[in-house]
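Residues: numbered from 1 along the sequence shown. What you see below is based on every heavy atom in this structure, not just the backbone, and it leaves out hydrogens, waters and symmetry mates. This one's a predicted model, so the numbers in the text were calculated from it and none came from an experiment.
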Amino acid sequence: MQNLLIVDDNVDVRQQLKWGLSGGGFGVHFAKDGEEALECFRRERPSVVTLDLGLPPHENGVEEGIRCLGEMLRIDPLSKIIVITGNEDHSAALEAVRIGAYDYYRKPIDFSELKIIIDRAMYLQQLEAENRTLRDSRDGDCGIVGDCEGIQRVLSHIKRVAASDVPVLISGESGTGKELVARAIHQKSARSKREMVAINCGAIPENLLESELFGHEKGAFTGASRTVKGKVEYADKGTLFLDEIGEMPMPLQVKLLRFLQEMVITRVGGRRDIEVDTRIIAATNIDIAQAMEEGSFREDLYYRIGVVNIVLPPLRERGEDVELLANFFLNRVGKETGNQGLTFSKKAMQWIRSYDWPGNIRELENRIKRAVIMTPGPRIEPEDIGASGEDVQRRKMNAGEMSLKEARQLLERDMVEDALRRSLGNIVKASSALGISRPTFYDLMKKHGIRNT
């Protein structure tokens, strides 16, 4: 059960609050001054506190209340503290919110209004506490946060496949956490004491990818001044993670297939076979079945790497997980930057829940990271997360309220941005993926104000 701590030096007010808030589904505790409040706070760790700023020995000032507020937030930054003030203490209430108070309420007290504020604070604190538990205990070291059915299925698959050495193929849109799942499998496997070596098959030019994977001998090509091991050899006795394997050129698919069949490699320019014991985990954001139909991906390689398939759901299909993840990133980034105590406003959380998140978890994390760094006040508003007129346009398009011209413009911008994301900023690849020339691609970027960051 969650606890509520009421801090007020007026016995009549305490009795009124006790009566007005009874039957709320949470335990209620009382304190009449700062020292008693802090003692109770340390002992009971209340989810929510109502704190009168005018406490003894400075009943006519706010010094003691502000001191208690700061000490409580230091003890437990997740606790939601609602400061209670008189009409003349508006500036002090704003200062308390700036320090980290969840909200403020002016006397005289309307119990129905205060109850709504407390219930909302209780709900938010519970979400944040569940998020912390999810991160710290339930999923061990894998760091995967989520309660939806799709993620629970993924977690179940991770536990099952970690105990074996079978190749795993992880599918999902960009930004859904494919590498995180791969690391979770590695960390829970018998190979966890050795390295997981990762390589992005779509980010390395074709003429360099073979050497990156399999290494090369001295003198194998111009500039090869020494023998270099490849990623496969470095992953010996560990795990090799092949990200975006769907982008691997066909000739290298043949060489990778030979390795999977025989567990031996030959370096570029080399003549001897080298035995390597590594587990393969691959990931892709493309439709492999379609790629096989088009002849750009080998069917026999697919059956080798896809003994077990794990499909990650996009963030837009994960329901309330988006709220859990938003609070998870808010807490983590707050600790990393020393900017703790920030909360989402009601409008910000509504926007987070309604946005379709085309960049998935990666986009959510980046937007919240920027908001934590740049937000000047104690609450994050929609504009701090990057809500823009384009987001409103998307909702209009989904509702069928957009003109054909507006929809074309929005689709064009989305396709250019998606091509840049998929190609990791490589203009040649991005323009080729859209079937247009580089100058045309640059013109579209300029037209829509898109920067290649």
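Crowding of E195 atom CD: a count of heavy atoms from other residues, nucleotides or ligands under 6.0 Å not exceeding 12. The neighbour count for R271 CZ, taken as heavy atoms of other residues, nucleotides or ligands under 6.0 Å away, does not exceed 12. Few gaps surround CZ on F221; more than 12 heavy atoms of other groups in view lie less than 6.0 Å from it. Annotation for M415: atom CE does not count as buried by contact number, only 12 or fewer foreign heavy atoms lying within 6.0 Å. Atom CD of Q350 sits in a crowded spot, with more than 12 heavy atoms from other residues, nucleotides or ligands closer than 6.0 Å.
Take K347 and apply the salt bridge (Lys or Arg N to Asp or Glu O under 4.0 Å) test, not counting sequence neighbours, and it matches no residue. Taking the salt bridge (Lys or Arg N to Asp or Glu O under 4.0 Å) definition, one finds that R370 meets it with nothing, sequence neighbours left out. Every residue meeting the side-chain contact (heavy atoms from CB on, under 4.5 Å) condition with Q261, not counting sequence neighbours, appears here in chain and number order: L257, R304. Scanning for salt bridge (Lys or Arg N to Asp or Glu O under 4.0 Å) contacts around E212 gives an empty result, with sequence neighbours left out. Every residue two or more places apart in sequence or in another chain was checked for a salt bridge (Lys or Arg N to Asp or Glu O under 4.0 Å) with E320, and none qualifies.
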- [ ] Check the pair E412 / L444 against side-chain contact (heavy atoms from CB on, under 4.5 Å), numbers first and verdict last.
- [x] CA-CA 8 Å; E412 188 176 76; L444 288 173; 3.5 Å; yes
Task: Step-by-step side-chain hydrogen bond (donor to acceptor under 3.5 Å, both in side chains) determination, Y234 to R194 - done: CA-CA 10 Å; Y234 280 116; R194 304 300 290 266; over 6 Å; no
- [ ] Evaluate side-chain contact (heavy atoms from CB on, under 4.5 Å) for N285 paired with K178, printing each intermediate quantity in order.
- [x] CA-CA 9 Å; N285 63 4; K178 296 186 288 294; 4.1 Å; yes
Open item on the list: Run the side-chain contact (heavy atoms from CB on, under 4.5 Å) test on L315 and L325 for me, step by step, so that the C-alpha distance in whole Å, both residues' side-chain angles and the decisive distance to 0.1 Å come before the verdict.
Closed with: CA-CA 10 Å; L315 186 54; L325 286 161; 3.6 Å; yes
- [ ] In sequence, state the C-alpha distance, the side-chain angles, and the governing distance for K447 and D443, and then conclude on salt bridge (charged side-chain N to carboxylate O under 4.0 Å, His left out).
- [x] CA-CA 6 Å; K447 172 184 174 182; D443 288 342; over 6 Å; no
Task: Chi angles and distances behind the side-chain contact (heavy atoms from CB on, under 4.5 Å) call for I82, V49 - done: CA-CA 6 Å; I82 304 162; V49 178; over 6 Å; no
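T239 contributes no side-chain N or O that, together with a main-chain N or O of H186, makes up a donor-acceptor pair within less than 3.5 Å. Under a 3.5 Å cut-off, the side chain of S296 and the backbone N or O of A291 do form a donor-acceptor pair. At least one donor-acceptor pair closer than 3.5 Å links the side chain of D384 to the backbone N or O of E381. A donor-acceptor contact shorter than 3.5 Å is absent between the side chain of S432 and the backbone of V428. Checking side-chain atoms of S79 against main-chain N and O of P46 turns up a donor-acceptor pair under 3.5 Å. Between the side chain of N360 and the backbone N or O of S174 there is at least one donor-acceptor pair closer than 3.5 Å. Formation of a donor-acceptor pair under 3.5 Å by the N327 side chain with backbone atoms of E323 is found in this model. Remark: the backbone N or O of Q152 is not paired with any side-chain donor or acceptor of S156 at under 3.5 angstrom.
Listed by first and then second residue, the salt bridge (Lys or Arg N to Asp or Glu O under 4.0 Å) pairs involving residues 273-296 are R191-D277, R258-D273 (not counting sequence neighbours).
Closest heavy-atom contact between L4 and M122: CB-CE, 3.8 Å. Across all non-hydrogen atoms, the minimal contact from I170 to A182 is CD1-N, 3.7 Å. Taking every heavy atom of both residues into account, A282 and F241 meet most closely at C-CE1, 4.2 Å. Between T278 and A235, the shortest heavy-atom contact is OG1-O, 3.1 Å. Between A101 and L73 the shortest heavy-atom distance is N-CD1, 4.3 Å. The shortest non-hydrogen separation linking T176 to P314 is CG2-CA, 3.9 Å.
Ring geometry for Y355 versus W357: interplanar angle over 60°, hence perpendicular rather than tilted (30 to 60°).
Inter-residue side-chain proximity for R316 and V322 is flagged as unmet; no heavy-atom pair is nearer than 4.5 Å. Taking the side chain as every heavy atom from C-beta outward, T284 and D243 never approach each other to under 4.5 Å. At a threshold of 4.5 Å between non-hydrogen side-chain atoms, the residues L256 and E210 do not count as touching. Residues F214 and T266 form no side-chain contact, since every pair of their non-hydrogen atoms from C-beta on lies 4.5 Å or further apart. Counting heavy atoms from C-beta on, the side chains of L180 and I144 come closer than 4.5 Å. Residues Y102 and V83 fail the side-chain proximity criterion, which asks for heavy atoms closer than 4.5 Å. P249 has its side chain within reach of L209: a pair of non-hydrogen atoms, C-beta onward, lies under 4.5 Å apart. Residues L94 and Y104 meet the side-chain proximity criterion, which asks for heavy atoms closer than 4.5 Å.
M248 contributes atom CE, which lies 9.5 Å from atom CD1 of I204 (distance to the nearest 0.5 angstrom). If you take CG on L330 and CD1 on I380, they are separated by 5.0 Å, rounding to the nearest 0.5 Å. Atom-to-atom distance recorded for K429:NZ and L434:CG is 14.0 Å, nearest 0.5 angstrom. Atoms CD1 and CZ, on I305 and R298 in that order, are 12.0 Å from each other to the nearest 0.5 Å. Here CG of N3 is found 10.0 Å from CZ of R43. Values are rounded to the nearest 0.5 Å. To the nearest 0.5 angstrom, L242 atom CG is 5.0 Å from C201 atom SG.
Judged by distance alone, the side chains of S192 and S189 never bring a donor and an acceptor atom under 3.5 Å apart.
Look at E336 and K369 and you find no salt bridge, because none of the NZ, NE, NH1 or NH2 atoms lies under 4.0 Å from a carboxylate O. With respect to D103 and R379, a salt bridge is recorded, a charged nitrogen being found less than 4.0 Å from a carboxylate O.
Between R42 and the options E71, E35, E36, a salt bridge (charged side-chain N to carboxylate O under 4.0 Å, His left out) holds for only E71.
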